[in-house]
Protein chains: 2
Amino acid sequence: MAPEKKTRKRKANKAPSIYDVAKEARVSVFTVSAVVNGKSHVGKALKQRVDAAIQKLNYRPNLLARSLAARRTHTIGIVVPDISNPFFPLVVRGAEDAAQKHGYNILLCDSDDRPEREEECLEVLMAKRVDGILLTKAPGTFRPALRQLIDDAKIPFVLLMRTYPDLTKDAVLTDDYKGAYEAVCQLARAGHRRIGLMGGPMTISNGRERWKGFRDALEANGLTHEPELVIQGDYRIESGYRGGHALLSRSPDGIYVANYLMTVGLLKAAEEMGMRCPEDFGLVSFDDYPWLAVFRPRLTTVELPKYQIGFEATEMLLARIKNEPTRGGTIKLAPELHVRESCGFQLRPGKNLADVRNEARG
Amino acid sequence: MAPEKKTRKRKANKAPSIYDVAKEARVSVFTVSAVVNGKSHVGKALKQRVDAAIQKLNYRPNLLARSLAARRTHTIGIVVPDISNPFFPLVVRGAEDAAQKHGYNILLCDSDDRPEREEECLEVLMAKRVDGILLTKAPGTFRPALRQLIDDAKIPFVLLMRTYPDLTKDAVLTDDYKGAYEAVCQLARAGHRRIGLMGGPMTISNGRERWKGFRDALEANGLTHEPELVIQGDYRIESGYRGGHALLSRSPDGIYVANYLMTVGLLKAAEEMGMRCPEDFGLVSFDDYPWLAVFRPRLTTVELPKYQIGFEATEMLLARIKNEPTRGGTIKLAPELHVRESCGFQLRPGKNLADVRNEARG
DNA sequence: TTGTAGGCGTTATCAA
DNA sequence: TTGATAACGCCTACAA
């Protein structure tokens, strides 16, 4: 028996494949592939036939199949603690813009800063064969099996906002030490002496950095470090609220809060306690937002370049993916102090702080 | 010549495949597949051998290959105008939670409300064979070729926040008409008579709905509709800022703003013009956020259940994907009025509005 | 219950 | 320049 030529089933009301195009144009699939990808040189005539067939069938390559064959998905994963924390949307937007510029897409995951969920996210991202991962590391270290998986996959990671040296040195951070240092100096400059800290988790690198900046700034300003004025939160509103109650009851005259959500919680606590900012306490917060310029109290903040973080991290990741001779490593972006009323800068030296407060009250 | 048995190359320092597991466990790939997917009944002994092999090799199925074969990616696409608009993160979070619950992931795209970008997003999502798409439609209609693609792909869509009947009736919306109506009624209740609108684009369904609600509420309260007090923006800060300057210069005593970002812009304009809220104009805004309860002016808002929008839309989409006998159709979620000081409710009837204003000024 | 072999839609290798 | 055909890694009839 003569071996019949293998025939592909003709499409039955499903999306056309490269075979359908090849048949329509009376060429081989190779030729179609070459035309579609602009590789190899295809003769004018053939190319036109192929283009016509593509047009006629409204053909679009199946990127899944392409990814499987080419071992490249043109998709990157991004794991953030919580996209609904207003800090991250701009980071993600920066990442998306950079990715899109290079023809990549973004698979988004929220870890809620929980190690188990983070692990699930990473597993599925790797199983879906993303080309690289942007990670804002949750507290804790990877389990060995996961670590093994990551090593086997040889997939590049770039860290966002938080270090995790065991995994990689490639990271885009902000200079949190400096930011916190400047925040506290601003409070000191405004005349505050008993300065409290509503800080982040010490299990997170930037929680530690911000704490160090706070501590060193106290010292540099000749202020004493009072342990009871230091509270550790988890960057969520609720912890800022509870911490705010505790902290404010100890009457600090200035407070540095390590992120925006905790500031919101703390202000709620202040209100419940009938304490006003900046009349009763000065405040400097991390993260700035457009609306902070129009609401009162107008917050003095240390702005972090969120968009840039996402954008540069993605550029770095793509460079790794494409194996470009890259300066990877750790990038530290500069924070920027936005001075507004909440720090109490109106209360300048020369005027006694207590007096000004009484005026404000009266 | 005896046909040699087809042999798969052994893994050379790359992720183990189902073949490697099969070899290790001395079974066929079918058995491995059956064990991994929990289908079919596999004998105790074999199952144990397979499990051991999986463990030993730290095997994870390649989801790309699975998707190609099973024609199901367990990934859904979501297209929003801009994830950095604070309205959308919670929507996306709701979608992610629902998706994750069912073992799905999310591919995120920003359209910037530009039709060309929206088209690119949709094309690539479909090319990557997502199982379904959540879409916040940009203004304008689809080009025929895109429409063709969508029809050919037979992929389910669920619309978010904005209708587009030509595509599908499946949508999760908010009752924007009612929300706007109530917002304006609240302004009227607070004693305002010349009420202005800082609205959204009339090219977007909810822009029209909110406008209608505004108009009808004016009429229901016996107020006249003054065209010069109606301004159309695009839901961005900048348009609220420009519109705010224009609108405030016409001295309305109450303003309804159709979204949060435009409110931020309008408040900035007010500040530049030296006008205070609520003393100089009452304000009701759409969208609520946790921080609006702690900053001044405390905004009266019409809250939209953002998280629920994303969550329910995803549930609906997944029902379609799984071909469940579903009540699809259009869901309208109820908005919720949060009354705070910005609307001027302190200025109750009985007290003359102008008088109260003078008090506040004095 | 378990194995064999073909298909999913590309890319990539090697001849022609 | 082109074409035939084997990967890519998994699922799934159909057989045994």
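- Atom CG in A:L57 sits about 14 Å away from atom P in C:dG9, given to the nearest Å.
- Here D:dC11 presents its P atom at 11 Å from NE2 of B:H74, a figure rounded to the nearest Å.
- A:K23 has its NZ atom 16 Å from the C1' atom of D:dA4, to the nearest Å.
- With distances taken from any side-chain atom of B:N62 to the nucleotides D:dG9, D:dC11, D:dT2, the minimum falls on D:dG9.
- Electrostatic pairing of B:E96 and A:R117 counts as a salt bridge here, judged by a charged N lying under 4.0 Å from a carboxylate O.
- Phosphate contact (OP1/OP2 of C:dG3, side-chain N/O of B:T31, threshold under 4.0 Å): present.
- If you take NZ of A:K39 and P of D:dT2, they are 17 Å apart, rounded to a whole angstrom.
- Taking atom CD1 of residue B:I54 and atom C1' of nucleotide D:dC10, one finds them 13 Å apart after rounding to whole Å.
- Ion pair A:R93/B:D112 flagged as a salt bridge, since at least one NZ, NE, NH1 or NH2 atom sits closer than 4.0 Å to an Asp/Glu carboxylate oxygen.
- In this structure, B:L64 places its CG atom 12 Å from C1' of C:dG9, rounding to the nearest Å.
- Map B:V42 and B:R71 each onto its nearest nucleotide of DNA chain C; the residue landing nearer the 5' end is B:V42.
- With respect to B:E315 and B:K101, a salt bridge is recorded, a charged nitrogen being found less than 4.0 Å from a carboxylate O.
- One finds no side-chain N or O of A:S33 lying less than 4.0 angstrom from the OP1 or OP2 phosphate oxygen of C:dT10.
- Rounded to whole Å, the distance from CD1 on A:I18 to C1' on D:dA4 is 14 Å.
- Looking at A:N85, its side chain never comes within 3.5 Å of a backbone N or O of A:D82 through a donor-acceptor pair.
- OP1 or OP2 of D:dC11 sits under 4.0 Å from a side-chain N or O of B:R66.
- Dashed line: the shortest gap from a side-chain N or O of B:S28 to OP1 or OP2 of C:dG3 is under 4.0 Å.
- When the nucleotides D:dT2, D:dC10, C:dG3 are ranked by their closest atom to the side chain of A:F30, D:dT2 comes out on top.
- The residue B:L46 sits close only to the backbone: its heavy atoms come under 4.0 Å of sugar-phosphate atoms, none of a base.
- For B:A69, the listed nucleotide lying nearest its side chain is D:dC11; candidates were C:dG3, D:dC11, C:dT11.
- A:R72 comes within 4.0 angstrom of no nucleic acid atom, judged by non-hydrogen atoms across all strands.
- A salt bridge links A:K137 and A:E118; the closest N-O separation between the charged side-chain nitrogens and carboxylate oxygens is under 4.0 Å.
- B:R49 has its CZ atom 13 Å from the C1' atom of C:dT1, to the nearest Å.
- Summary of the strand contacts: A:V29 and B:A65 both lie near DNA chain D, and taking for each the nucleotide with the nearest heavy atom, the more 5' one is attributed to A:V29.
- Phosphate proximity of C:dG3 to B:Y19: absent, as no side-chain N or O sits under 4.0 Å from OP1 or OP2.
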